Each structure stands twice: as structure tokens, then as C-alpha cells.
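Worksheet: one structure, shown below.
In what follows, chains carry the letters A, B, and so on, assigned in the order in which the sequence lines appear, proteins first and then strands, with residues in each chain numbered from 1. Source: prediction; values computed, not measured. Keep in mind that the numbers below use all heavy atoms, side chains included, and drop hydrogens, waters and symmetry copies.
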Amino acid sequence: MRLPPSPSTAHNHPLLQLLRRCADLPSLRQVHALLITTGLALHTFPLSRLLSAASRLSAAYSLSILDRITNPTVFLFNILISSATPHHPPELALSHYLRILASGRGLPAPLLFPNSFTYPSLFKLCRTYRLLDHGHAIHAHALKFLDPPFDHFVQSSLLCFYAITGRIDIVRILFDQIEDPDLACWNSVIDAYTRCDFVNKYIGITDTVGGNSAELSSEALSLFVKMLTCGVRPNEMTAVAVIIACANSGALYQGKWIHRYILKNGLKMNVFVATALIDMYSKCGCLDLAYQLFDKMPHRDILSYNAMIGGFAIHGHGHRALELFDKMKHEGLMPDNTTFVVTLCACSHVGLVEEGRRVFRSIKEDSGIDPKMEHYGCLVDLLGRSGQLEEALETVQSMPMKPNAVLWRSLLGAARVQVNLEIGEVALKNLLQLEPEISGNYVLLSNMYAASSRWDDASRVRQSMKDHGIDKVPGMSLVEIDGTIHEFLTGDRAHPNSMEIYYKLEEINGLLQEHGHRARTRTVMFDIEEEEKEDALSYHSERLAIAFALITMEPGIPIRITKNLRVCEDCHAITKLISVIYEREIIVRDRIRFHDFKDGACSCSDHW
DNA sequence: TTAGGGTTAG
């Protein structure tokens, strides 16, 4: 009779290497049989490798192995919890965790306790599958079962979990409790600041790009500096998180700084870093720099293409986006959902209706999948913006899934621009059912009534906002001057240079009138006298930012503004004029896209 | 045995 191998030889047995290479269930069964005949299946370590391989291939098979083990240890459960895959879904991983918790109840089974290897996998699971309630409950368990302080693995995974809940306050409290945080903890907390920004934007804590965005991103950058002063060396993951923070807030100066830092300190310009940089440069208004980086990449994947096509889209370069879309396919890369979204979006921003329709049709042809909600959204936007409202409405009504709020809002926006109250009201009725608490929806409706001089209806909507305690999101603009970000709200007088700014605005307004500008007051929603409406317009946040930049910045340097809302019709018209009068290029990033104002024209060709 | 990466409709 053969004696089972000793535990030390069990760790590097050739059968374990075979296990790693098993790509299907029959070969796994064969190796399993060999493990039994050699006696290796009696040891915990080979069993853990077997379970790990089995959970990759079949949940049922891994369960059958587990059932045959008389007294499975926490170690083995941990292996199963950490192997969430399509074959080993999150519910199964959670059930393994429940078995650990229940272990003491059925005597004579030994009492098991989850350990510090159990929790990082569980938090990752909750983060990946967005199981928020489970995550909170599991955090409470960890406090009960683990001795304080938690190790860095547990703390880091906990930060990452709270990042997806949008609770940056909790992330920060947890991070501040970490003694001597390691690289992973720093990366996680910096990443959490950029991620919370995203989460907040989409779960409606704020529906702005600015606001929280600037605050959270600048805190991410401060944390990065603090990390350097603590002597922790950043890696590529840190760089990616910091670049995203710069992209979110439009902080070009800091973005360029981190780019230099990467080159100077020997961090690898891998596909993750390069893609993040491409996105950052695009979102900070430097499309040329983004393209240079993209062009120099030795290896590009789908995400790099998507980032670059997205860059062309927000800058209104529809044809260049389409060229890249074709090039990508020629290189043998299969477009994914995002590729179609950004390419359609590029068509929409310049009114390439026929090209857009073609791209939409190619979704099924190229990828074999049915268009998703976001693709229908792009199509509706494309049709609506280009004046084909009836077809846009038909698309919404005939699409195979229930239209979401974004889709109705898109249609409403188009109806407002083309003053089509009939379609606008249909869109709004549906929109308010889905999103009764979002202020922007009421503002759109109110503006639409105001545009057709239905003042009673406009003020009824405003009253209804007040009754429901819904505040209008204030317009906000950011301008970066010598690395410092200055923030302006509509009608803001809080800036230390406020007096000079308002003097400058008077000068600007005078010059605009001399150049024959008459305010387009259609976008001001209140029923007030024309003169007052002009006043309300003259203090829109981007005008304060432009005035301040004109006072402060050297002549000839482009002014870069980031806005949280869309540019209004009048601001768009006057910025074109200012670009001529003051001979300045003004680049405005609004909530959706870029406007590059130069010599009296805008890169969007007034299509936005 | 455990954690942390790039793009995405308005």
C-alpha cells in the first residue's frame, strides 16, 4: 500500500500543476481520481487547489467535492468564497460563508470562525455584484469576528466596498483609522474618491459634473501628495486613479504633472495608464495630446480605442471617430457596447444622421448582439437633435425594452430646442413618472413653457418644484489658472476678486452691445421683463469665469472652462463674440461635450 | 487562501 505523500511534498506535486491546467470537467475528473489514488486528496492544500479548479468549471462539481470532506476547514471555505465566477455565482459564495457561521450549531461539527482571509473576498464579492446590504451586514460581522485592528487586506477591500456605495465619508473615517497604510490602502482610498464622484453623479446625490466632482477629485490629488510625503512609492494603479481624478475635474495642470511624474519615476506606460491619460487629455480639452499618446501606443485594446473615439466624440470630430471605428475593426478588434455608444455619440454631436443609422444597424451585424438601451438612447438623441422628432418618438415607443429616464429626457431636450410642446409633454409625463425628484426635469419643462411664452405653466412648474422641496442645481464653472482651480456659481460674489470681475463683465457687456449682440432670453425661464432677463443671463457662471480669466491670464493663452450644466444659447453666442473681441481661444467643457470658441466660431458648429 | 487599475447615451 502506498503511503500518502507528506504535506510538504503535497505543495509542489506535479498533479497540482496539472490541476491548474484543467480546462474542462472530464480532465478535472481524471486528475481528481489520480489525487485520490495517490492519497493527496487527504491533505488540505491539494484539496484547496482541487476546489479552486472545480469552482472555475462547475459549481455542482465543487459542491460534490465539498460534501465528501468530513470536516472542511475555514481555509477550504475561503477558497470557495474567493472563486466567484459564472460557474460559481455570488449566491453560492455567500452560502459558503453562511455555512461557516452556522458551523457551531450542529454538534458534533467543529466550530468554525471566519478569518482575515474570508473578508477581503466577501467585500470584493459585494463590490463586484453591488450587494450593498450584504456588504454592510458583512462589515458588522467582521467587527464581531476579527480582532482589531483589521489587517491591510481587510481594510483595503472595505474601502473599495464603501467606494461603490458613494459614502466617501465612511471611506475617509475608515482610512483615517488605518495605522501606517500600505500602498494598496492608499490606492484604494484615492480610487474611492474618484469612484464616489462617479457614483454620486449617477445615483443622483448630484447630477453635475462639477460640484462634488471638483471637491472629491481635488481631495484625491491631496491624498496622493500626502502619500508621497509619507514615503510610500506609487505604482501604476496609483497613477491611474490620480489621472482619473484629473479627468473628472478637468485639472489639466495636475494631469500634466502626473504624466511627467510617471515618465520621470520609471512607472510603466502600460495600457491602463495610457488609456487613462488619453481620456484625461481629451476631457481636459487637449485632443491633440490625447491622439499623440494613442498613436504612440505599441499595443492598443478595445478600451484604448473606446477612450480615443470618445475623445473625438466630445470634441465634435464625428468623421475622425468613424475612421477610428473602422480602423479598430480592420485591426481585428471586436467593438463592444461602449464602442457603439461613443461612436453613435460622435455622430450625434455633429448631426451625422445617416452614418449614425449605419452604426446602429451594425451593432447586430458586427457583434451579433441586440442593441441595448444606451444604443437606443444614442439613436433617439441623434434623431432628436437633427430635427427628426417624430421618428425619435416612434423609436422610443417601438423599442423592445421599456424606455428609461435618460431616453425620455433626451427626447424632451430635443423637443425643447425645436419648441415642439406636444412631444415635449409626452416625454415629460413619462420622465416625471420615472424620476419625480430630479430638478433638471422640471427646469427643462419650465424652460419649454417659457420659450413659448406660457408663463403661467412655467411658474406652475416652478411652484411644483418648491412644493416638492426640489432645488434647482446651481450653474457652476471652474477655471484653472496656474494650477489653481477657481470656482464660480451663477451670480456668485464670493470670489476675492469679485469687484474686478464685475467691472470686467460690464466692460464685456458694453463691447458685446457695440458688436451688435442682443441677448437671447429664450433660455431664461422666469416671467420677467426683458431687461431683467438679460441681467440674469449676464451672471451665468461661465461669464464670471471668463471675466476672471481675462483679467488674470496672459494674453494668447487659451482659457479652459469646465461647467456642470449645458451651455445656454446666449452664453454660446457671446462666447463666440468674446473670442473675436479679445482674440482668445476659449475652450468650454459642458456637461456633455466640448465647445472650442475661436475667431468667432465654435467647434460644435452650433449643433449641441 | 485574501485587497487595489483604463473607456460608456443626456
### Query
Hey, does the side chain of A:Arg127 come within less than 4.0 Å of B:dA3's phosphate (OP1/OP2), counting only N and O?
no
### Task
Please determine if a side-chain N or O atom of A:Arg195 lies less than 4.0 Å away from the OP1 or OP2 oxygen of B:dG5.
yes
### Task
Determine the contact category for A:Met308: base if any of its heavy atoms lies under 4.0 Å from a base atom, sugar-phosphate if only primed atoms, P, OP1 or OP2 are that close, otherwise nothing.
nothing
### Message
Under 4.0 Å, heavy atoms only, any strand: does A:Ser157 hit a base, just the sugar-phosphate, or nothing?
### Response
sugar-phosphate
### Query
If you check every side-chain atom of A:Ser188, which of B:dG4, B:dT7, B:dG10 has the closest atom?
B:dG4
### Query
Counting any heavy atom closer than 4.0 Å, what does A:Asn235 reach on the DNA or RNA strands: base, sugar-phosphate only, or nothing?
base
### Task
Identify whether any heavy atom of A:Val342 sits under 4.0 Å from a base atom; if not, whether one sits that close to sugar-phosphate; answer base, sugar-phosphate or nothing.
sugar-phosphate
### Task
Among B:dA3, B:dT1, B:dG6, find the nucleotide with the atom closest to the side chain of A:Asn115.
B:dT1
Give the table of side-chain donor-acceptor pairs shorter than 3.5 Å for residues 233-244 of chain A, with sequence neighbours excluded, one pair per line with atom names and distance.
{"from": "A:Asn235", "atom 1": "OD1", "to": "A:Asn187", "atom 2": "ND2", "distance (Å)": "3.2"}
{"from": "A:Asn235", "atom 1": "OD1", "to": "A:Met237", "atom 2": "N", "distance (Å)": "3.1"}
{"from": "A:Asn235", "atom 1": "OD1", "to": "A:Thr238", "atom 2": "N", "distance (Å)": "3.1"}
{"from": "A:Asn235", "atom 1": "OD1", "to": "A:Thr238", "atom 2": "OG1", "distance (Å)": "2.9"}
{"from": "A:Glu236", "atom 1": "OE2", "to": "A:Lys268", "atom 2": "N", "distance (Å)": "2.7"}
{"from": "A:Thr238", "atom 1": "OG1", "to": "A:Asn187", "atom 2": "OD1", "distance (Å)": "2.7"}
{"from": "A:Thr238", "atom 1": "OG1", "to": "A:Asn235", "atom 2": "N", "distance (Å)": "2.9"}
{"from": "A:Thr238", "atom 1": "OG1", "to": "A:Asn235", "atom 2": "O", "distance (Å)": "3.1"}

### Message
Reading 5' to 3' and counting Watson-Crick or G-U wobble pairs with both distances under 3.5 Å, write the dot-bracket notation for DNA chain B, | for bases paired outside the strand.
### Response
..........
#### Entry: Selection from B:dA9, B:dT1, B:dT7 that lies nearest to any side-chain heavy atom of A:Val406
B:dA9
### Task
Taking A:Asp295 for its side chain and A:Tyr291 for its backbone only, find out whether a donor-acceptor pair lies under 3.5 Å.
no
### Task
Remember a base hit wins even if backbone is also touched, and classify A:Asn337 as base, sugar-phosphate or nothing at under 4.0 Å, heavy atoms.
nothing
### Query
Using the ring of each side chain (for Trp, its six-membered ring), is A:Phe45 parallel, tilted or perpendicular to A:Phe75, with breaks at 30° and 60°?
parallel
### Message
A quick test of your reading: do over 12 heavy atoms of other residues, nucleotides or ligands sit less than 6.0 Å from CE of A:Met334?
### Response
no
### Query
Under 6.0 Å from the six-membered ring centre of A:Phe77 and within 45° of its axis: does the NZ or CZ of A:Arg99 meet both?
no
### Query
Reckon A:Lys283 touches a base, only the sugar-phosphate, or nothing at all at heavy-atom distances under 4.0 Å?
sugar-phosphate
### Parallel, tilted or perpendicular, as decided by the 30° and 60° cut-offs, for the rings of A:Tyr305 and A:Phe294
perpendicular
### Task
For A:Ser48, answer base if it contacts any base atom (sugar-phosphate contacts may also be present), sugar-phosphate if it contacts only those atoms, and nothing otherwise; contact means non-hydrogen atoms under 4.0 Å.
nothing
### Task
Classify the nucleic acid contact of A:Val271 as base, sugar-phosphate or nothing, counting any heavy atom under 4.0 Å across all strands shown.
base
### Query
Hey, is A:Phe272 doing a stacking thing with B:dG5, by the 5.5 Å centroid and 30° angle criteria?
yes
## Note on the structure
Side-chain contact check for A:Cys345: nearest option of B:dG4, B:dG5, B:dA9 is B:dA9
### Query
Atom NE2 of A:His375 to atom P of B:dG10: distance rounded to whole Å?
13 Å
### Message
Does A:Ser116 reach a base, just sugar-phosphate, or nothing at all? Heavy atoms under 4.0 Å.
### Response
base
### Task
Tell me what A:Arg593 touches on the nucleic acid: a base, only sugar-phosphate, or nothing, going by heavy atoms under 4.0 Å.
nothing
### Message
What contact category does A:Ser304 fall into here, base, sugar-phosphate, or nothing, at under 4.0 angstrom with non-hydrogen atoms?
### Response
base
### Query
Taking the side chain of A:Val341 as heavy atoms from C-beta outward, which of B:dT1, B:dA9, B:dA3 is closest to it?
B:dA9
### Message
Students often get this wrong, so: under 4.0 angstrom with heavy atoms, is A:Arg300 touching a base, only sugar-phosphate, or nothing?
### Response
nothing
### Task
Tell me which nucleotide among B:dT7, B:dT1, B:dG10 gets nearest to the side chain of A:Arg409.
B:dG10
### Phosphate-side-chain proximity, A:Lys124 and B:dT2, N/O vs OP1/OP2 below 4.0 Å
no
### Query
Checking all strands, does A:Asp336 fall into the base, sugar-phosphate, or nothing category for heavy-atom contacts under 4.0 angstrom?
nothing
### Message
Once you apply a heavy-atom cut-off of 4.0 Å, does A:Leu183 come out as touching a base, just sugar-phosphate, or nothing?
### Response
base
